[in-house]
Protein chains: 2
Amino acid sequence: MKYSKATDYALHTMLFLTAATPQKPIGVQQLAERQSVSPTYLSKILTKLVKAGMIESITGVNGGYRLKRNWEDISFLDIIHAIEGSASLFDCSFDHGPGCPIQKVVLSAEEKMEELLRNQKMSDLVREHNIVI
Amino acid sequence: MKYSKATDYALHTMLFLTAATPQKPIGVQQLAERQSVSPTYLSKILTKLVKAGMIESITGVNGGYRLKRNWEDISFLDIIHAIEGSASLFDCSFDHGPGCPIQKVVLSAEEKMEELLRNQKMSDLVREHNIVI
DNA sequence: TCTATTAGGGACTTCACAGGTCTATAATAG
DNA sequence: CTATTATAGACCTGTGAAGTCCCTAATAGA
Ligand code: SF4
Ligand code: SF4
């Protein structure tokens, strides 16, 4: 029961991009170095974020990744779901109806967690903590 | 990011034991059949619950597993921690001090979830839902 | 138009661990 | 003593995370 390394990398990258907010795209090379991870692997992760519509990529010389217009609304949960998927923590193979007490408890606990992650926007975090690159 | 099958089995077993609350211990054979899992495997899981002090085991003829005295206070979180361990969802290898904003957010989200799981006692669940074996 | 630079994608490897099986041992009721 | 029960250790297997390698596509700048 852990978040994957990929989620770790995605969160850090988004934090960096949000704190930087340049018009100029930032290359995966540079992003990978900061996190001591291989560029090829990080690029696979960032492609997921692109497909989720959070960032955009520009190929070619001076290309890289850049936030999209709605960047101020991106939450932790958005990023986590983009990488981990949005399946439930608890998947029993059976379905004993909506009355199942075990599922009800675990899923409502999960919802509590997601609620906080959904309300925490990356942009607010940067503003509150005055993060400078 | 999922709870393991083992946690699933542990929760179901505890639900069953709590709903039954007999003085007579219940054998792993019977518990395993209800969940369509091998007795040997389930016994490994139940041994963890024994070591965590939630249930006790009686060897020999007519032996099995039985709740301990404090059974009314056992929470979902107790069971989950006994099986999954209590490590954090998010473990970055570095430690950039207590000010790290990413950790702060994720860990407080996790705490929200654990709070609910800690307050939900198995015995209350059985009482509220009127579960009968 | 050519070339260097960038992202994207597919195929592949490696490793850890969940999920289980098998077998032997220890305890105990009858 | 014996049948029945839990405990423990060694072992197996499949899956998925984490990462590498290499080829392709796009594009800015010379
Ligand atoms: S009781 Fe609930 S959690 Fe258990 S198998 Fe049925 S539906 Fe799933
Ligand atoms: S910024 Fe926080 S989460 Fe990231 S490596 Fe540092 S301590 Fe860990």
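What you see is a predicted model, and the numbers here were worked out from it, not measured in a lab. Below, read A as the first sequence line, B as the second, and so on, with proteins coming before strands; counting in each chain starts at 1.
The interatomic distance linking Y9(B) (OH) with dG19(C) (C1') rounds to 8 Å, in whole Å. One interatomic measurement links the two molecules: NZ of K5(B) to C1' of dC17(C), which rounds to 16 Å at whole-angstrom precision. Between K48(A) atom NZ and dG10(C) atom C1' there is a gap of 15 Å when expressed in whole angstrom units. Between the P atom of dT28(C) and the OH atom of Y65(B) lies a distance of 14 Å, rounded to the nearest Å. Atoms CG (D8(B)) and C1' (dA18(C)) sit 13 Å apart, rounded to a whole Å. Between the C1' atom of dT6(C) and the CD1 atom of I55(A) lies a distance of 14 Å, rounded to the nearest Å.
An OP1 or OP2 oxygen of dT6(C) is reached within less than 4.0 angstrom by no side-chain nitrogen or oxygen of N62(A). For dT6(C), the OP1/OP2 oxygens have no side-chain nitrogen or oxygen of K24(A) closer than 4.0 Å.
In terms of heavy atoms, A19(B) sits closest to V126(B) at CA-CG1, 4.0 Å. Residue L67(A) comes nearest to L17(A) through the heavy atom pair CD1-O, 3.5 Å, listed as atom of the first residue, atom of the second, then distance. Across all non-hydrogen atoms, the minimal contact from I83(B) to K48(B) is O-NZ, 3.7 Å.
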Exercise for the section: Go through the steps to decide whether E84(A) and Y3(A) satisfy the test side chain to side chain contact (heavy atoms under 4.5 Å, CB included), and finish with yes or no. Expected result: CA-CA 8 Å; E84(A) 302 271 338; Y3(A) 284 124; 3.7 Å; yes
Practice task
Decide side chain to side chain contact (heavy atoms under 4.5 Å, CB included) for S123(A) and R127(A); before the verdict, give the C-alpha distance in whole Å, the side-chain angles of both, and the deciding distance to 0.1 Å.
Solution key: CA-CA 6 Å; S123(A) 57; R127(A) 198 172 316 120; 4.2 Å; yes
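Listed for the S88(A) side chain is no donor-acceptor partner under 3.5 Å among the backbone atoms of D91(A). Without hydrogens or angle criteria, R66(A) side chain to Q23(A) main chain gives a donor-acceptor distance under 3.5 Å.
At a threshold of 4.5 Å between side-chain heavy atoms, the hydrophobic network of Ile, Leu, Val, Met, Phe, Trp and Tyr places F90(A) and M113(B) in one connected group.
At a threshold of 4.0 angstrom between heavy atoms, the contacts of K51(A) are confined to the sugar-phosphate backbone, with no base atom among them.
Atoms NE2 and SG, from H129(B) and C100(A) in turn, are 8.5 Å apart once rounded to the nearest 0.5 Å.
Closest to the side chain of V61(A), out of dA7(C), dG8(C), dA4(C), is dA4(C).
Residues A6(A) and I58(A) each lie close to DNA chain D; by heavy-atom proximity, the contact nearer the 5' end of the strand is made by A6(A).
A heavy atom lying under 4.0 Å from DNA chain C marks the following residues of residues 36-47 of chain B, by number: S38(B), T40(B), Y41(B), K44(B).
Here the range on DNA chain D touched by chain A, meaning any atom under 4.0 Å from one of its heavy atoms, is dA18(D) to dG29(D).
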